[in-house]
Amino acid sequence: MPIIIAIVLLSALRYFEIGPFAELSWWWIAGLLLVAFVWFEFIERMLGLDKRKANKEQDKARQERINKAFKK
C-alpha cells in the first residue's frame with residue numbers, strides 16, 4: 001500500500017509541477033507502477049500474502065459466530 005500512496009503523491013507533484021518534482025521524468029512514476037503491478041500480481045501470490053489475509057477474515061467471522069452462539 002505505501003507504494004500506491006507514493007505513486008499517487010509523485011504523480012500529483014509532477015502533474016502540478018511542484019518543487020523539484022517539476023523536472024522528474026514520468027518514467028520514474030511508470031517504473032513505480034510496474035513495480036506495484038509485479039508485487040500485487042506475482043510476488044504477493046508467491047508469498048501467500050493474499051491467502052493469509054483472506055484466512056484471517058474468515059477466522060474472525062468464524063469466531064464472531066461462535067461468540068454469538070454461546071452468549072445466548
Side-chain angles (χ1 to χ4, degrees):
M1 190 66 179
I3 194 164
I4 302 298
I5 295 169
I7 291 169
V8 171
L9 184 64
L10 282 176
S11 296
L13 290 171
R14 173 62 177 103
Y15 180 77
F16 293 113
E17 297 181 353
I18 296 174
F21 300 101
E23 301 295 324
L24 183 68
S25 173
W26 284 105
W27 287 108
W28 285 103
I29 298 169
L32 284 176
L33 285 169
L34 180 65
V35 168
F37 175 78
V38 169
W39 173 262
F40 287 114
E41 288 297 318
F42 302 110
I43 298 174
E44 191 174 64
R45 288 184 189 169
M46 287 179 7
L47 297 176
L49 297 176
D50 56 339
K51 302 288 185 193
R52 190 175 305 154
K53 188 176 186 182
N55 287 340
K56 283 183 183 179
E57 291 174 2
Q58 287 178 349
D59 288 342
K60 182 180 176 186
R62 185 176 138 262
Q63 190 63 38
E64 287 175 0
R65 285 194 309 271
I66 290 170
N67 291 340
K68 186 177 177 182
F70 287 113
K71 285 188 179 181
K72 287 185 178 181

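No hydrogens, no waters, no symmetry mates; every other heavy atom, side chains included, goes into these values.
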* Asked: Among Gln58, Lys56, Glu64, Arg62, which one satisfies side-chain contact (heavy atoms from CB on, under 4.5 Å) with Lys60?
  -> Glu64
* **Inter-residue atom distance Ile5.CD1 - Leu9.CG, 0.5 Å rounding** => 9.0 Å
* **Side-chain H-bond candidate by donor/acceptor type, Gln63 with Asn67, under 3.5 Å** => yes
* Asked: Is the number of heavy atoms from other residues, nucleotides or ligands under 6.0 Å of Phe40 CZ greater than 12?
  -> yes
* To do: First locate atom CG of Leu32, then atom OG of Ser11, and finally report the distance between them rounded to the nearest 0.5 Å.
  => 8.5 Å
* **CD1 on Ile18 to CG on Leu24, rounded to 0.5 Å** => 12.5 Å
* To do: Go through the steps for Lys53 and Glu57 under the test salt bridge (charged side-chain N to carboxylate O under 4.0 Å, His left out), then give the verdict.
  => CA-CA 6 Å; Lys53 188 176 186 182; Glu57 291 174 2; 5.3 Å; no
* Got Trp39 and Leu49 here, is their nearest side-chain heavy-atom distance under 4.5 Å? -> yes
* Asked: Mind checking whether Trp27 and Leu34 sit in one hydrophobic cluster, side chains of I, L, V, M, F, W, Y counted as touching below 4.5 Å?
  -> no
* Is there a path from Val35 to Met46 through hydrophobic residues (I, L, V, M, F, W, Y) whose side chains come within less than 4.5 Å of each other? -> no
* **Heavy-atom neighbours of Trp28 CH2 exceed 12 at 6.0 Å** => no
* **Path from Phe37 to Ile29 over hydrophobic side-chain contacts below 4.5 Å** => yes
* To do: Could you grab the distance from atom CZ of Arg14 to atom CD of Glu23, nearest 0.5 Å is fine?
  => 7.5 Å
